[in-house]
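Computed from a prediction, not measured in an experiment: that's the story for all the values here.
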Amino acid sequence: MAMEFDHEQEARDFEDHPPALFVDRKELRLWSFYRAIIAEFVATLLFLYITISTVIGNQKNIANCQGVGPLGIAWAFGGLMFVLVYSTTGISGGHINPAITFALLVARKVSLPRAIMYIVAQCIGAISGVALVEWLQKASFVSGGGGVNTVQQGYSNTSALVAEIVGTFVLIYTVFSAMDHKRKARGSHVPVLAPLPIGFAVFVIHLATISITGTGINPARSFGSAVVYGRKQPWKDQWIFWVGPLIGATAAATYHQYALRAGRIKSLGSLHTQLNNPV
């Protein structure tokens with residue numbers, strides 16, 4: 001039996017991390033906590049500056065057929081997400097999206113204070129990034145619609161909400177799968193490539209949903225552009241770009257943790273073992 005146990009331990013070349021504390025006061029005293037918040041702010045600022053500039057540039061040149069089109073916009077969002085996640089994963093985890101942060105909170109991978117501070121930093125970073133676009137390209141920003149997310153003509157609020165839920169589900173499912181340490185076991189996964197499927201997921205989701213909502217799947221992106229643009233319609237539809245992503249994030253986190261990884265069943269099994277074999 002001992003030999004079988006040792007063999008099992010040897011074969012299991014990964015270790016499940018314990019759930020994050022709901023409130024971890026120790027991390028509030030660490031510089032790494034605040035460094036991560038700064039990284040989320042800067043990354044989200046850069047993300048919104050580049051992507052909204054791309055959207056505005058496309059709107060400006062679309063009349064003379066020189067815009068990058070939906071495909072170019074999708075590449076801008078997906079490609080930049082790959083770059084920024086790659087650059088910030090080692091510092092903050094590379095969330096750059098309140099939906100991702102919320103999903104990790106649901107899965108007990110980040111504490112509540114960290115999740116709140118990340119989301120605040122992401123929203124402020126988004127506003128700052130879009131404000132920079134407006135400052136540099138005032139006329140184009142206004143005439144191009146500010147790069148805001150709204151329900152597109154011909155679609156209902158229900159269609160838009162479902163599109164945001166499904167799109168965010170795909171993104172969060174990809175994030176959890178790409179970052180799953182179990183996939184790194186036995187050389188089956190190259191950690192440095194983890195941001196690649198995340199960026200590609202953002203790319204294909206944009207291809208599918210640009211025509212419906214302009215593609216939100218990131219509440220900070222939708223919020224930042226609505227704040228700076230300041231028109232009525234983006235605020236009228238704003239709830240869709242928060243409710244949809246948060247529902248999609250919760251569903252994906254629950255599916256991955258408790259259906260694919262059977263986290264709840266494992267927890268119950270561990271509790272049963274502890275009760276029957278007290279120390």
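- Side-chain atoms of T54 and T51 include no donor-acceptor pair closer than 3.5 Å.
- When every heavy atom of A226 is checked against every heavy atom of Q238, the shortest pair comes out as CB-NE2, 3.6 Å.
- Between N218 and P98, some side-chain heavy-atom pair lies under the 4.5 Å cut-off.
- Side chain of S177 to main chain of T174: no donor-acceptor pair is present (N/O by atom type, distance under 3.5 Å, no hydrogens or angles).
- Not one N or O on the side chain of N97 forms a donor-acceptor pair closer than 3.5 Å with the backbone of A220.
- With hydrophobic clusters built from ILVMFWY side chains whose heavy atoms lie under 4.5 angstrom apart, L84 shares a cluster with I172.
- Of all heavy-atom pairs between S92 and E40, the closest is OG-OE2, 2.6 Å.
- Between the Q59 side chain and the G145 main chain, no donor and acceptor come within less than 3.5 Å of each other.
- Between the side chains of E27 and S111, a donor-acceptor pair is found at a separation under 3.5 Å.
- Using cut-offs of 30° and 60° for the angle between ring planes, the F47 and F77 rings count as perpendicular.
- One N or O on the side chain of T215 and one on the backbone of I210 form a donor-acceptor pair closer than 3.5 Å.
- No side-chain heavy atom of Y49 sits less than 4.5 Å from a side-chain heavy atom of S128.
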